[in-house]
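A quick write-up on the structure given underneath.
Sequence positions, counted from 1, serve as the residue numbers for this chain.
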Amino acid sequence: MAEIIDGKKISEAIKDEVKAENEILLEKGFKGTLAVVLVGDDPASSVYVKNKKKACEYVGFESLSYEKPSSMTEDELLFLIDELNNDENIDGILVQLPLPPHIDEDKVIAAISPIKDVDGFHVQSVGAMVVGTDGFLPCTPAGIIELLKRYDIKIDGKNCVVVGRSNIVGKPAAILMLRENATVTITHSHTKNLKDICSDADILIVGVGKRHFINSEYVKEGAVVIDVGIHRDENNKLSGDVDFEDVKNKASYITPVPGGVGPMTIAMLMKNCLLSLKRRVGEV
Ligand code: GUN
């Protein structure tokens, strides 16, 4: 039976570390502020946004909420982002994705100032991540690396297979694993022999958005399995892209859903907000 990677516990430890560092900045009179923009009423997005605001409160940042109807136009959103970019009291800007279909996500992400891009989605942030210079790392993939490190799981020299190539998870997770000296294979819906490739992975990272897509036939004995998927069934039960019950007896470590990668996204967001504040006040 695999050791279950407790993302909830690690995320709480990280938030406590951020809170402790932030207290010192608060004593010096510096208060971090995150602007959170939500367009429309997607129920999952509303929950994520609520949790992000709650985390801000916990660590001692101010969160400014901009909850807009789905009728908001692209121009109106771009105008709002411009205002937030120019507000010197704001350290981070987060526009919750997905946006309604009439709004071009790429255009919106491009409008966010890279110095406030605490999601790490701007092309400048992505470029900095690829070459390894200063920027903001995307929260979910950075959270995966943090989980592996805090469980003392060696990455250097390991075979890592990433299933999925989204801009938010698959591509950046592959780059960050490469930066840690893993040998990385990115797979996707056109990949041939997926089962064979996955079965060769020491570390398997799955973000495909398909419930229980990966079962034990895809997993090498003793592999580390990281599940980024999240699905809610008709009984409101959450599950991931990995068939946890089937895979847990074959893997050496596995992340559960819920309580694995999910809470790490918010913890890493808090870390990015702290970094942005520290940069603004000249503490890094
Ligand atoms: N939608 C799903 N994940 C994320 C995330 O990490 N940040 C934002 N802004 N939107 C998301």
Side-chain angles (χ1 to χ4, degrees), residues 14 34-39 45 48-49 52 74 77-78 80-82 84-85 90-99 103-149 155 160-191 203 205-209 226 228-230 241 261-262 264-280 284:
I14 291 170
L34 173 68
V36 181
V37 182
L38 174 65
V39 185
S45 291
Y48 294 140
V49 161
K52 287 169 186 179
E74 185 178 280
L77 180 54
L78 293 172
L80 171 62
I81 290 171
D82 198 42
L84 301 174
N85 283 339
I90 290 175
D91 300 288
I93 301 171
L94 182 146
V95 179
Q96 187 64 30
L97 304 179
L99 289 166
I103 299 180
D104 182 342
E105 271 179 14
D106 291 339
K107 216 165 155 181
V108 169
I109 291 167
I112 297 170
S113 166
I115 63 166
K116 300 187 179 187
D117 177 35
V118 286
D119 256 329
F121 292 166
H122 192 283
V123 286
Q124 188 172 312
S125 308
V126 177
M129 172 185 67
V130 172
V131 297
T133 52
D134 282 350
F136 291 107
L137 298 179
C139 303
T140 304
I144 294 172
I145 304 289
E146 197 74 28
L147 280 180
L148 295 171
K149 288 190 173 171
I155 305 174
C160 172
V161 174
V162 179
V163 189
R165 56 172 158 179
S166 69
N167 287 338
I168 293 183
V169 178
K171 284 184 211 166
I175 296 294
L176 293 185
M177 291 299 280
L178 180 65
R179 280 176 43 164
E180 299 294 331
N181 298 322
T183 302
V184 182
T185 306
I186 307 177
T187 66
H188 46 80
S189 56
H190 293 236
T191 298
I203 302 172
I205 299 175
V206 190
V208 285
I226 305 292
V228 192
I230 186 149
D241 289 352
V261 173
M264 292 300 290
T265 301
I266 294 182
M268 299 311 281
L269 174 69
M270 293 301 106
K271 248 184 127 139
N272 275 351
C273 291
L274 179 69
L275 177 61
S276 187
L277 171 63
K278 282 163 76 177
R279 285 176 177 158
R280 171 164 70 88
V284 275

Just verifying a value: how many Å separate Leu178 CG and Ile155 CD1, rounded to the nearest 0.5 Å? 11.5 Å

Measure the CZ-NZ distance between Arg279 and Lys116 for me, rounded to the nearest 0.5 Å. 14.0 Å

Just by modelled atom types, is the Leu99 backbone N or O under 3.5 Å from a matching donor or acceptor in the Glu105 side chain? yes

Return a table of donor-acceptor pairs under 3.5 angstrom between the side chains of residues 119-127 and protein atoms on other chains or two or more places apart.
| unit_1 | atom_1 | unit_2 | atom_2 | d |
| --- | --- | --- | --- | --- |
| His122 | ND1 | Gln124 | N | 2.9 |
| His122 | NE2 | Ala110 | O | 3.2 |
| Ser125 | OG | Asp117 | OD2 | 2.5 |

Distance check, rounded to the nearest 0.5 Å: Ile205 atom CD1 versus Ile144 atom CD1? 5.0 Å

Once you round to the nearest 0.5 Å, how far does CG of Leu277 lie from CG of Asn272? 12.5 Å

Report yes if the side chains of Val36 and Gln96 come closer than 4.5 Å at any heavy-atom pair, otherwise no. no

Measure across Met264 and Gly143 and return the closest heavy-atom pair with its distance rounded to 0.1 Å. CE-O, 3.5 Å

Residue pair Arg179 / Leu137, side-chain heavy-atom distance below 4.5 Å: yes

Measure from the side-chain N and O atoms of Lys271 to the backbone N and O of Ile14, and report whether any donor-acceptor pair falls under 3.5 Å. no

Arg165 side chain near Ser189 side chain, heavy-atom distance below 4.5 Å: yes

Tell me if a side-chain donor or acceptor on Lys52 pairs with a main-chain N or O of Leu269 at a distance below 3.5 Å. no

Can you tell me if Asp241 uses its side chain to pair, donor with acceptor, with the backbone of Gly209 under 3.5 Å? yes

Check whether any side-chain heavy atom of Thr185 lies under 4.5 Å from a side-chain heavy atom of Thr191, and answer yes or no. no

Under the criterion side chain to side chain contact (heavy atoms under 4.5 Å, CB included), I'd like the reasoning laid out for Ile203 against Glu180: C-alpha separation, chi angles, the key distance, then a yes or no. CA-CA 13 Å; Ile203 302 172; Glu180 299 294 331; over 6 Å; no

How many angstroms lie between CD1 in Ile81 and CD1 in Ile109, if you round to the nearest 0.5 Å? 9.0 Å

Can you find a heavy atom in the side chain of Val261 that is under 4.5 Å from one in the side chain of Thr140? yes

Please test Cys139 against Thr265 for side chain to side chain contact (heavy atoms under 4.5 Å, CB included), starting from the C-alpha separation and ending with a verdict. CA-CA 5 Å; Cys139 303; Thr265 301; 3.9 Å; yes

Got a donor-acceptor contact below 3.5 angstrom from the Ser113 side chain to the Asn85 backbone? no

Apply side chain to side chain donor-acceptor pair (under 3.5 Å) to Asn167 and list each qualifying residue two or more places apart in sequence or on a separate chain. Lys171

Specify the closest pair of heavy atoms between Gly207 and Val169, including all atoms of both residues, with the distance to one decimal. CA-CG1, 4.5 Å

Do Leu148 and Met177 have side chains that approach each other closer than 4.5 Å (heavy atoms only, starting at C-beta)? yes

Once rounded to the nearest 0.5 Å, what's the spacing between atom CG of Leu275 and atom CG of Asp134? 8.0 Å

